[in-house]
Amino acid sequence: METDDVPDGAPTADTAARVREVIAAAGVSQREFARRVVMDPSKLSRSLSGTRRFTAAELARIADEGRVDVGRLLGTRPREKATAPAVGVEGGRPLQIVRETVRLIAEHGFHAVRVADIARACATSSAAIHYHFPGRAELLEAAVRWCMDEDTARRAALLAEADDAAAELRQLVALQTPRTAQQRRQWAVWLDLWAEAARSTSVGRLHSEYYRQWRETVADVVRRGVAQGVFRAGADPQAAALTLTALIDGLATHVLSVSGPSADRAADAMHTALTAHVTHTILTPQP
């Protein structure tokens, strides 16, 4: 949902210019800065170009990341020196809020998590949570986007290490098999996302965006594998990606439904089934 809750009279062009200064001082790309402030990169781009206004919560997160007063971004206070981040808050308060939200959603489910629970986990007040994320819907969207960004970064790192497309596909299968606590937490958030996507237009768009990116990643790997000769010449990249990602989703849901040693066995069975599927339908048959 788009909200233009920047105070009346705030000079949008000047505010955008000040945000650009903060991004430049951070020494990172615009996309990476968007990730750090848990913001849709396209919204950041439109706000910087003047076709969209920053919301107050977005400016609060940008100010936190840039270690400046939000009044400085709005032009209502003089330029001041950067201050040190809050002690013990890795990555700044917004990312701490998002990480704790992800953990609590994974443990209890989104609709069972209250803002007061998140505030308690962050050792801060509910008002501080609302300052950065005004509503529960924004918290869910931020949590999901953070998981998406983390997942994308892990995939990129793994694919960079692979020798060929066959190794890339094996890496993707291993990454999507929920074995570790972190992988199970992320899958638990996805389960809540699926349910919420059926009821929320904004979350539904986020869901569609993530799965489009994910399926295209798999399709790209299949295309490279066909070109390299390690995958079947007649393999259809889009169809293969759709089938494999659907199989991953279904098997992972089963793994998440059990715990303890049963979860470990289910994860092993999931990995075995996915490996067999790839071997029999995508890999080039070995003589």
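For reference, positions follow the sequence shown, starting with 1.
With hydrophobic clusters built from ILVMFWY side chains whose heavy atoms lie under 4.5 angstrom apart, L242 does not share a cluster with L283.
Taking the six-membered ring where tryptophan is involved, the planes of Y211 and W194 are tilted, since the angle between them lies from 30° to 60°.
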Stepwise, does the side-chain contact (heavy atoms from CB on, under 4.5 Å) test hold for Y131 with V70? CA-CA 11 Å; Y131 178 67; V70 72; 3.6 Å; yes
E100/R120 under salt bridge (Lys or Arg N to Asp or Glu O under 4.0 Å): CA gap, chis, key distance, verdict: CA-CA 10 Å; E100 290 300 325; R120 189 178 306 109; over 6 Å; no
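Under the 4.0 Å criterion applied to side-chain N and carboxylate O atoms, R35 and E65 are not assigned as salt-bridge partners. Taking the charged nitrogens against the carboxylate oxygens, R36 and E32 do have a contact shorter than 4.0 Å, which makes a salt bridge.
Here L169 contributes atom CG and I282 contributes atom CD1; the two are 5.5 Å apart, rounded to the nearest 0.5 Å. We find the CD1-CD distance between I23 and E21 to be 10.5 Å, quoted to the nearest 0.5 Å.
One N or O on the side chain of T284 and one on the backbone of G229 form a donor-acceptor pair closer than 3.5 Å. Distance alone, capped at 3.5 Å, places no donor-acceptor pair between the R52 side chain and the R46 backbone.
For L247, the side-chain contact (heavy atoms from CB on, under 4.5 Å) criterion is met by L251, L274, H277, not counting sequence neighbours. With sequence neighbours excluded, the residues forming a side-chain contact (heavy atoms from CB on, under 4.5 Å) with A167 are A162, D164, R170, listed by chain and number. Under the side-chain contact (heavy atoms from CB on, under 4.5 Å) criterion, R155 pairs with D151, T152, L172, L175, Y210, W214, T217, not counting sequence neighbours.
Defined by atom type and a distance below 3.5 Å, a donor-acceptor pair is missing between the side-chain atoms of R185 and Q182. For the residue pair R154 / Q186, a side-chain donor-acceptor distance below 3.5 Å is found, with atom types taken as modelled.
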Donor-acceptor list for residues 105-112 side chains, cut-off 3.5 Å, not counting sequence neighbours:
from: E107; atom 1: OE1; to: R103; atom 2: NH1; distance (Å): 3.3
from: E107; atom 1: OE2; to: R103; atom 2: NH1; distance (Å): 3.3
from: H111; atom 1: NE2; to: E196; atom 2: OE1; distance (Å): 2.9

Could you go through residues 257-265 and list every donor-acceptor pair under 3.5 Å that involves a side-chain atom there, pairing it with any protein atom two or more places apart or in another chain?
from: S257; atom 1: OG; to: H254; atom 2: O; distance (Å): 2.5
from: S262; atom 1: OG; to: R265; atom 2: NH2; distance (Å): 3.2

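Here salt bridge (Lys or Arg N to Asp or Glu O under 4.0 Å) pairs that include residues 252-263, with residues two or more places apart or in two chains, number zero.
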